[in-house]
Amino acid sequence: MSNSLSFLLGAGFSAPMGYPIGNQLNDLLLKCDGNDFSFHTNGSLIPPKNGQKINLGPKTSYDFEYDFCRDLMHYFNDKKGYFDYEEFYDFFMDEAKNNSEVKELFKNNNYRTRRDLDQMLSAIRNIFSQLVSHFLVDKDGNSWYDSAGHMGKPIFTGYTGILNCLEKFGLENEVNIHTLNHDLFFERLAKTDWLNNELSDGFDDLGSPYYGQLTIENRDYKCRLQRYTGNYPKKIKLYKLHGSKDYATYYGIDVDRGIRVPEIYLKTRWGIGFSDFYKEIKNKEGHLFYDRGGFDFHADFLTGTTSKIERYSEPLFFNKLFKKFKENLEKTNMLIIVGYGCRDKGINKIIVENFDYQNKPSVIIDPYAGKEVIVLKDKLGSRLVTKELEKIEMSDL
């Protein structure tokens, strides 16, 4: 394939499926009161079943961490006059620990913990990340699509037009899809007549020694998991630059130091928790056994306005993704931006520095373009298309 096309997708791409965009997610987080979910003793958020909160007995330490997180969100909203979940993430990860009013808030409320403020602020990263993931569901409440059937032509409501274009682009071009979304919707599109499973995301389970434990009706099963290899053999290549709801870290043994360290990124599966990972390895006698190396409570996706930019250079995974993003921008013949609000300064900087916008065309698809979109459009000399994704045609691109 001689030509290369690059897409950049933001939250607006998933909006037709009912996924919350920025302000909607902000409202959901701020209004949640904990009455529809619980926290297990292992730290994982347990969603409601059949619309009802699951009663796990007395509140755990994680429930009290949630209480502190909820109170801190309301404090942030009262002080700022608005709530932005990414700004809030930066706040509790950094400046909150030196904020006298936050210290008073922590001191004057009974969170039933012996930990100090710094430790509690660190602990709520687990809580907050799970809250964000909890609300990242489509209009039907779905967040996993591995049970979805193959979607045939001619219509995929909300996406017919853009899927027709992707199919045609894929006939003669290398198509690189870069997304800032954490949801799993684009992967669902692989099981359609348009993409027809011609999608690779750099993960592979062939020969993988990594497994996850799946428990169903008190039965335990070891399921092979995909690990990141960096190989993208299919026509359409997906790069989830800010991570995903199903990405996690496996912690291997550093024999020399006698500690566990991040070893590789995995993709978990439905029903497998983020602390239930194993690796098949040999002991000194040459016998195989399962080594447990999962210790996280939540998926690893990036958030925060500045915190996530700091993680772009992490060598284990994100640095590799962003290297590919830059390389794809440098070689692409065209850049198509879909549903991106253009408020991520780090992403904008990478685009401007690596995409040859003075000599190559770009298109921004956004029916509700805000001022930040217009600024980037003018910088890149992009053509703005204000159609819905359902009605996009090749002539628009």
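None of the values given here were measured: they were computed from a predicted structure. The residues of the chain are indexed from 1 along the displayed sequence.
Panel note: side chain Lys245, backbone Ser133; a donor-acceptor pair is recorded below 3.5 Å.
Leu321 and Val175 are assigned to two separate hydrophobic clusters, defined by single-linkage of ILVMFWY side chains at heavy-atom distances under 4.5 Å. Follow the hydrophobic side-chain contacts under 4.5 Å out from Phe13 and you reach Phe7 in the same cluster. Note on Leu8 and Met334: separate hydrophobic clusters, where clusters join Ile, Leu, Val, Met, Phe, Trp and Tyr whose side-chain heavy atoms are under 4.5 Å apart, directly or indirectly. Note on Ile309 and Met93: separate hydrophobic clusters, where clusters join Ile, Leu, Val, Met, Phe, Trp and Tyr whose side-chain heavy atoms are under 4.5 Å apart, directly or indirectly. Residues Leu136 and Met73 share a hydrophobic cluster, clusters being chains of Ile/Leu/Val/Met/Phe/Trp/Tyr side chains in contact below 4.5 Å.
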Just do the side chain to side chain contact (heavy atoms under 4.5 Å, CB included) check on Lys234 and Leu199 with the steps written out, would you? CA-CA 6 Å; Lys234 297 188 177 181; Leu199 179 70; 5.5 Å; no

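Side-chain atoms of Gln213 and Tyr290 form no donor-acceptor pair, as typed in the model, at a separation below 3.5 Å. Judged purely by distance below 3.5 Å, without hydrogens or angles, the side chains of His150 and Asp193 pair a donor atom with an acceptor atom. One side chain, Asp220 or Thr215, offers a donor N or O that lies under 3.5 Å from an acceptor on the other. A donor atom on one side chain and an acceptor atom on the other are found under 3.5 Å apart for Tyr265 and Asp300. Checked by atom type, the side-chain pair Thr229/Asp204 shows no donor-acceptor distance below 3.5 Å.
To the nearest 0.5 Å, atom CG of residue Leu5 and atom OG1 of residue Thr332 are 5.5 Å apart. Atom CG of residue Asp146 and atom CZ of residue Arg188 lie 11.0 Å apart, to the nearest 0.5 angstrom. Separating the CG atom in Leu121 from the CG atom in Asp116 is a distance of 9.0 Å, to the nearest 0.5 Å. Rounded to the nearest 0.5 Å, atoms CD (Glu174) and CG (Asn328) are 6.5 Å apart. Distance check, rounded to the nearest 0.5 Å: CG of Asp67 to CG of Asp33 gives 10.5 Å.
Counting heavy atoms from C-beta outward, Glu87 and Tyr82 have side chains that approach closer than 4.5 Å. Between Glu263 and Tyr210, some side-chain heavy-atom pair lies under the 4.5 Å cut-off. Lys53 places none of its side-chain heavy atoms less than 4.5 Å from the side chain of Asn55. Between Leu105 and Lys107, every side-chain heavy-atom pair lies at or beyond the 4.5 Å cut-off. Residues Ile365 and Leu397 have side chains in contact (heavy-atom distance under 4.5 Å, counting atoms from C-beta outward). By the 4.5 Å heavy-atom criterion applied to side chains, Leu225 and Tyr250 are not counted as neighbours. Using a 4.5 Å heavy-atom threshold, the side chains of His242 and Ile347 count as touching. The side-chain heavy atoms of Ser382 and Ile337, taken from C-beta on, include no pair separated by under 4.5 Å.
The aromatic rings of Tyr85 and Phe128 lie tilted to each other, with the angle between the two planes from 30° to 60°.
Environment of NZ in Lys153: crowded, with over 12 heavy atoms of neighbouring residues, nucleotides or ligands closer than 6.0 Å. The number of heavy atoms from other shown groups lying within 6.0 Å of NZ (Lys97) does not exceed 12. Counting non-hydrogen atoms of other residues, nucleotides and ligands closer than 6.0 Å to NZ of Lys371 gives a total of 12 or fewer.
With salt bridges taken as basic N to acidic carboxylate O contacts below 4.0 Å, none links Glu86 and Arg343. A salt bridge links Lys240 with Glu187; the closest basic N to acidic carboxylate O contact falls under 4.0 Å. Checked for salt-bridge contact, Arg260 and Asp291 meet the test: a charged N lies under 4.0 Å from a carboxylate O. Ion pairing between a basic and an acidic side chain is recognised when a charged N comes within 4.0 Å of a carboxylate O; Glu388 and Lys391 show no such pairing. For Glu65 and Arg115, the salt-bridge test passes: some basic side-chain N is under 4.0 Å from an acidic carboxylate O. Of the charged side-chain nitrogens involved, at least one lies within less than 4.0 Å of a carboxylate oxygen, so that Asp396 and Lys387 count as a salt-bridged pair. At a threshold of 4.0 Å, the pair Asp366-Lys377 does not count as salt-bridged, since none of the basic side-chain nitrogens sits closer than that to a carboxylate oxygen. Under 4.0 Å is where a charged nitrogen must lie from a carboxylate oxygen, and between Lys331 and Glu327 no such pair does.
Phe203 has its ring centre less than 6.0 Å from the ring centre of Tyr247. Aromatic rings from Phe88 and Phe92 are positioned such that their centres are separated by under 6.0 Å.
Taking all atoms of both residues into account, the shortest heavy-atom contact from Lys282 to Phe289 is C-CE2, 4.0 Å.
Taking a 4.5 Å side-chain heavy-atom cut-off between Ile, Leu, Val, Met, Phe, Trp and Tyr, the cluster of Val137 contains only that residue.
Cation-pi check for Lys222 over Tyr278 is met; the charged atom lies under 6.0 angstrom from the ring centroid and within 45 degrees of its normal.
Shown are Asn77, Leu131, Asp84; of these, the side-chain contact (heavy atoms from CB on, under 4.5 Å) with Leu29 is made only by Leu131.
The ring pair (Phe, Tyr, Trp, His ring centres under 6.0 Å) analysis of residues 319-358, with sequence neighbours excluded, yields the pairs His178-Phe325, Tyr312-Phe322.
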